[in-house]
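Structure first, commentary second.
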Amino acid sequence: MRWNIILTIVAGLLIAGMVWYAFLHGAQIDVMNPQGPIALHERGVIIATVLLAMIVVVPLFIMLFSFAWNFRATSRNADRKHSPTWDHDSWWTNEVMWWIAPAVIVFILAIIAYEGSHELDPYKPIVSKNHALTVQVVALDWKWLFIYPEQGIATVNELEFPVNTPVHFDITSDAPINTFWIPSLGGQIMAMPGMTTQLYLMATRLGTFKGASGNISGAGFSGMTFAAKSVSDSDFKSWVAVIQAQSNPLNPDTYSILAKPTEYVAPIHYSSVTPDLYTGISSKQMNAQMTTQTP
C-alpha cells in the first residue's frame with residue numbers, strides 16, 4: 001500500500017474521530033445530553049444508527065479521497081488506463097461488498113427500529129414508584145398553555161414538574177399543527193386541532209430544559225418556546241401554592257383573549273381553571289366540522 005493511501009486513511013479516521021468527539025462532547029446538543037430515561041434510550045438508538053452508517057460512509061469517503069489523490073492531474077497515474085476486471089473476480093469479492101454487507105446493516109437497523117418503536121411508544125407509561133403527574137397541553141398562536149387538572153392551575157410558556165416523577169401529557173392544538181418537544185427529555189409528538197395525543201416523559205435530574213415546537217406554524221414560530229423545570233417535590237408544591245394564591249382565573253372569557261395570536265409571550269399563571277376547558281378546546285374543531293356538515 002502506497003504512502004499516500006495510508007495518509008488518506010489516517011486523515012479520514014482522524015477527521016471522523018474529531019467530528020464524532022465534537023458531536024458528543026463539544027457541541028451542547030440537547031438530544032445528545034439526555035436528562036431522562038426516554039431521551040437516554042433515544043440517544044442510544046441515534047448512536048447505534050450512526051455507527052452502523054459509518055461502516056459504509058467512512059470507507060466510502062476514504063476511497064473517494066484516495067481515488068481523487070491517485071488520479072489527480074499531477075499524479076504519475078493520471079495517464080494510466082483504468083481497466084477493471086470485475087467479470088473475472090471471484091463471486092464473493094463483489095457480492096459481499098454490494099449485497100451481503102448492506103443487507104446485514106439494514107437487518108440490524110430493522111431490529112433497532114422495531115425494538116425502539118415499542119420501547120419508546122409515547123403512549124406507554126413510564127414505570128415508577130411515584131404517581132404520574134397529568135399535564136394538559138394546548139398549542140396556541142404562538143405560545144403553549146399548560147393545564148394542571150389535579151392542581152387546578154394553568155400556566156403559559158412555563159412548565160414545572162417534580163424530578164423522578166413521570167409526567168403524562170395530553171396534547172392538543174387550538175392553532176395550526178405544531179409539535180410538542182423537550183429535546184433533553186424525549187422526542188417530539190404532534191399537537192393537532194380536533195384530536196388529542198399523549199406523551200410520557202420523566203426527568204431524572206434537577207434543571208431547566210428548553211421546550212419548543214418542532215413544526216413551523218407561522219410568523220411567531222421562532223418565539224414559541226417555553227421553560228421546562230424539573231424541581232424537588234417540596235419546590236413543586238410551593239410553586240403550585242403560590243399560583244393558587246393569586247387571583248387570575250382561566251375561564252372561557254380569559255381563554256378567548258389568550259387564544260388570540262401573540263408573539264414572544266412572557267410566562268403567565270392562572271390560579272384556577274374552568275372544569276373541562278381542555279375537553280372543550282380539543283373537541284372544538286370536531287364540533288365545528290360536525291356543525292358544518294349537518295344539513
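Note that the coordinates shown come from a computational prediction; the quantities given were computed from them, not determined experimentally.
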Note to self: Grouping I, L, V, M, F, W and Y whenever their side-chain heavy atoms are under 4.5 Å apart, do Ile112 and Val106 come out in a common cluster?
What the structure shows: no
Under 3.5 Å, is there a donor-acceptor pair between the side chain of [X] and the main chain of [Y]?
X: Asn215; Y: Met190; answer: no
X: Tyr270; Y: Ile243; answer: no
X: Tyr255; Y: Leu277; answer: no
X: Thr172; Y: Met195; answer: yes
X: Asn248; Y: His269; answer: yes
X: Asp170; Y: Thr196; answer: no
X: Thr204; Y: Asn164; answer: no

Any side-chain heavy-atom pair of [X] and [Y] under 4.5 Å:
X: Val273; Y: Pro149; result: no
X: Pro183; Y: Asn33; result: no
X: Ser173; Y: Val138; result: no
X: Leu140; Y: Val156; result: no
X: Val240; Y: Tyr148; result: no
X: Asp174; Y: Leu145; result: no
X: Leu199; Y: Ile38; result: no
X: Leu201; Y: Phe209; result: no

Next item on the list: Using the side-chain contact (heavy atoms from CB on, under 4.5 Å) rule, pick out the option among Trp239, Phe226, Trp144 that qualifies with Thr155.
Entry: Trp239
Looking only at heavy atoms, what is the nearest atom pair of [X] and [Y], with distance?
X: Ala212; Y: Thr225; answer: CB-CG2, 4.1 Å
X: Phe236; Y: Gln151; answer: CE2-NE2, 4.2 Å
X: Gly186; Y: Ala39; answer: N-CB, 3.8 Å
X: Glu42; Y: Leu120; answer: CG-CD1, 3.5 Å
X: Gln198; Y: Tyr200; answer: OE1-CE1, 4.4 Å
X: Gln244; Y: Ile153; answer: CG-CG2, 3.5 Å

Next item on the list: Check the pair Leu159 / Val137 against side chain to side chain contact (heavy atoms under 4.5 Å, CB included), numbers first and verdict last.
Entry: CA-CA 10 Å; Leu159 174 66; Val137 182; over 6 Å; no
Notebook entry, point to check: Just wondering, more than 12 heavy atoms not from Tyr123 lying within 6.0 Å of its OH?
Noted result: yes
Item checked: Within 6.0 angstrom of Ile105 CD1, more than 12 heavy atoms from elsewhere -> yes
Margin query: The criterion is salt bridge (charged side-chain N to carboxylate O under 4.0 Å, His left out); which residues satisfy it with Lys124, sequence neighbours excluded?
Written below: Glu119
Next item on the list: With sequence neighbours left out, write down each residue that passes salt bridge (charged side-chain N to carboxylate O under 4.0 Å, His left out) with Glu160, or none if nothing qualifies.
Entry: none
Notebook entry, point to check: Atom CG of Leu40 and atom CG of Leu185: how far apart are they, to the nearest 0.5 Å?
Noted result: 12.0 Å
Next item on the list: Please check if any side-chain donor atom of Asn251 sits under 3.5 Å from a side-chain acceptor atom of Thr254, or the reverse.
Entry: yes
Checklist line | Any donor-acceptor N or O pair under 3.5 Å, side chains Ser217, Asn178 | finding: yes
Next item on the list: For side chain to side chain contact (heavy atoms under 4.5 Å, CB included), just list the numbers for Ser230 and Phe161, CA-CA rounded to whole Å, side-chain angles, deciding distance to a tenth of an Å, and then say yes or no.
Entry: CA-CA 5 Å; Ser230 171; Phe161 46 86; 3.7 Å; yes
Contacts table for residues 260-267: side-chain donor-acceptor under 3.5 angstrom, sequence neighbours left out:
| residue | atom | partner | partner atom | Å |
| --- | --- | --- | --- | --- |
| Thr262 | OG1 | Lys143 | NZ | 2.7 |
| Tyr264 | OH | Ser222 | OG | 2.7 |

